[in-house]
Amino acid sequence: MQPLSRLATALAFTTAGLLSVTAHAEEPRYNQISLSTQVSHEVAHDLMQVTLYTEAQNQDPAALAAEITRTLNAGLAQARGVQGVTVSQGSRNSYPVYSEKGEQISAWRERAEIRLESADFAALSKLTGDMLKTLKMGGMSFSIADATRKKEEDALIKDAVAAFKERAQLTTEALGGSTYKLVSLNLNSGGFVRPPMRMEAMKAASFASDSVTPDVEAGTSQVTMNADGVIEVQMP
């Protein structure tokens, strides 16, 4: 066989092989159905977050910064003395205050935050009341701890798979099929957070008073597990 003929034969075999692979890869699959299910569980918030801040104004920016730093450091030291409370610094901003005509800077204003978090609501509530003698309330919220959320999500996996299998069987029967094959399945977690308690619902004055520390209602969130997949219904 001449070299050119051998090359033409090789190309012919190669082309035929590629066509065969392509045809096999693009072979249509029938009776495939996409399904999704969701299961959820209401979980009580077990973490409390409080933001406190100090704010002041002064014509001398250096004196202002020193004043804010002293107040901030005192608050941080006070909070760090309470066991079970995680303490961190929040944002700190300084900005100019202009004269009435807006032509020149008349003073400087600065604000700095302290953020507190704890699973001990009573301890954090008491600490908040004590710190409000020198600081202001910036906000309060509640959430689910990471460990708690993971435990709830793990518990929901079996429920999500069971719900998917139930829907898959129901769909198969509705289509007149005998059974089904699972083509793919994805599990995704999520959740809906109830609106956090705002200052209007829990006045800062109630913490700052010398009376008994007020009870807090942390609320709940929904932890969800979604099962999304594809089944192939086998017809009789």
Side-chain angles (χ1 to χ4, degrees), residues 29 31-53 79-80 82-91 113-128 137-175 177-202 207 213-234:
R29 303 180 68 88
N31 304 326
Q32 288 197 352
I33 310 295
S34 297
L35 299 174
S36 65
T37 59
Q38 183 183 86
V39 293
S40 62
H41 186 202
E42 201 83 11
V43 181
H45 293 149
D46 54 0
L47 277 181
M48 175 180 177
Q49 298 89 18
V50 172
T51 300
L52 304 172
Y53 71 94
R80 287 169 182 155
V82 178
Q83 188 175 3
V85 175
T86 301
V87 186
S88 62
Q89 288 185 241
S91 61
E113 293 180 341
I114 296 177
R115 295 175 181 172
L116 311 173
E117 182 177 80
S118 180
D120 189 338
F121 293 178
L124 183 50
S125 295
K126 184 179 185 305
L127 175 61
T128 299
M137 173 79 82
M140 180 185 298
S141 61
F142 299 90
S143 64
I144 303 172
D146 290 342
T148 304
R149 180 177 293 277
K150 182 181 182 304
K151 180 180 178 181
E152 294 294 334
E153 289 174 351
D154 289 347
L156 285 174
I157 289 178
K158 288 185 178 180
D159 293 339
V161 172
F164 183 88
K165 291 171 65 177
E166 183 179 349
R167 177 163 292 186
Q169 184 61 41
L170 182 63
T171 302
T172 298
E173 294 172 359
L175 291 173
S178 56
T179 184
Y180 68 89
K181 290 182 179 180
L182 182 63
V183 178
S184 65
L185 179 64
N186 298 308
L187 295 172
N188 300 291
S189 60
F192 170 74
V193 180
R194 301 293 183 191
M197 186 173 294
R198 302 182 183 278
M199 280 190 62
E200 291 78 9
M202 182 173 291
F207 281 95
T213 301
D215 293 332
V216 294
E217 180 56 51
T220 62
S221 289
Q222 277 193 346
V223 176
T224 64
M225 183 64 66
N226 301 298
D228 304 298
V230 176
I231 63 170
E232 183 173 308
V233 177
Q234 307 297 302

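Given the structure is predicted, the values throughout are model-derived calculations rather than measurements.
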Here the pair of heavy atoms bringing Gly177 nearest to Val233 is CA-CG1, 3.8 Å
Rounding to 0.5 Å, atoms CD1 (Ile231) and OG (Ser184) come to a distance of 10.5 Å
d(Thr86 OG1, Leu116 CG) to nearest 0.5 Å is 9.0 Å
Only one of Ser141, Ser221, Ser143 passes side chain to side chain donor-acceptor pair (under 3.5 Å) with His45, and that residue is Ser221
Side chains of Glu152 and Ser189, heavy atoms from C-beta outward: is any pair under 4.5 Å? no
Atom pairs and distances, side-chain donor-acceptor, residues 161-171, under 3.5 Å, sequence neighbours left out:
unit_1, atom_1, unit_2, atom_2, d
Arg167, NH1, Ser36, O, 2.7
Gln169, NE2, Glu173, OE2, 3.1
Thr171, OG1, Arg167, O, 2.8

With respect to Asp154, which candidate in Lys150, Lys158, Lys151 satisfies the salt bridge (Lys or Arg N to Asp or Glu O under 4.0 Å) definition? Lys150
Glu153 and Met225 have their tightest heavy-atom pair at O-CE, 3.4 Å
Quick one: CG on Leu127 to CD on Gln83, what's the gap to the nearest 0.5 Å? 13.0 Å
Can you tell me how far the CD1 atom of Ile114 sits from the CD atom of Gln89, to the nearest 0.5 Å? 7.5 Å
Closest approach of Leu124 to Met48 (non-hydrogen atoms, all atoms of both residues): CD2-O, 3.4 Å
Can you measure from CG (Asp228) to CG (Leu185) and round to the nearest 0.5 angstrom? 8.0 Å
Salt bridge check: are Glu117 and Arg115 linked by an N-O gap of less than 4.0 Å? no
Any idea which heavy atoms bring Thr220 and Ala44 closest together, and the distance? CG2-CA, 3.9 Å
Quick one: do the Glu113 and Ser91 side chains pair a donor with an acceptor below 3.5 Å? yes
Ile33 versus Val230: any side-chain heavy-atom pair under 4.5 Å? no
Minimum heavy-atom distance Ala160-Ala227, with the two atoms named: O-CB, 3.8 Å
Where Leu47 and Ala145 come nearest, the two heavy atoms and their spacing: CD1-CA, 3.7 Å
Leu52 side chain reached by Met137 side chain, heavy atoms, under 4.5 Å: yes
With side chains defined as the heavy atoms from C-beta onward, is the minimum distance between Asp46 and Ile144 less than 4.5 Å? yes
For a 4.5 angstrom cut-off between non-hydrogen side-chain atoms, does Asp120 reach Val85? no
Under the ring-ring contact (aromatic ring centres under 6.0 Å, His included) test, which residues partner Phe121, sequence neighbours left out? Phe142
Measure the shortest side-chain to side-chain distance between Asn31 and Leu175 over non-hydrogen atoms and say whether it is less than 4.5 angstrom. no
Donor-acceptor contact present, side-chain Ser118 to main-chain Gly84, <3.5 Å: yes
Short side-chain to backbone donor-acceptor contact, Thr179 and Gln234, under 3.5 Å: no
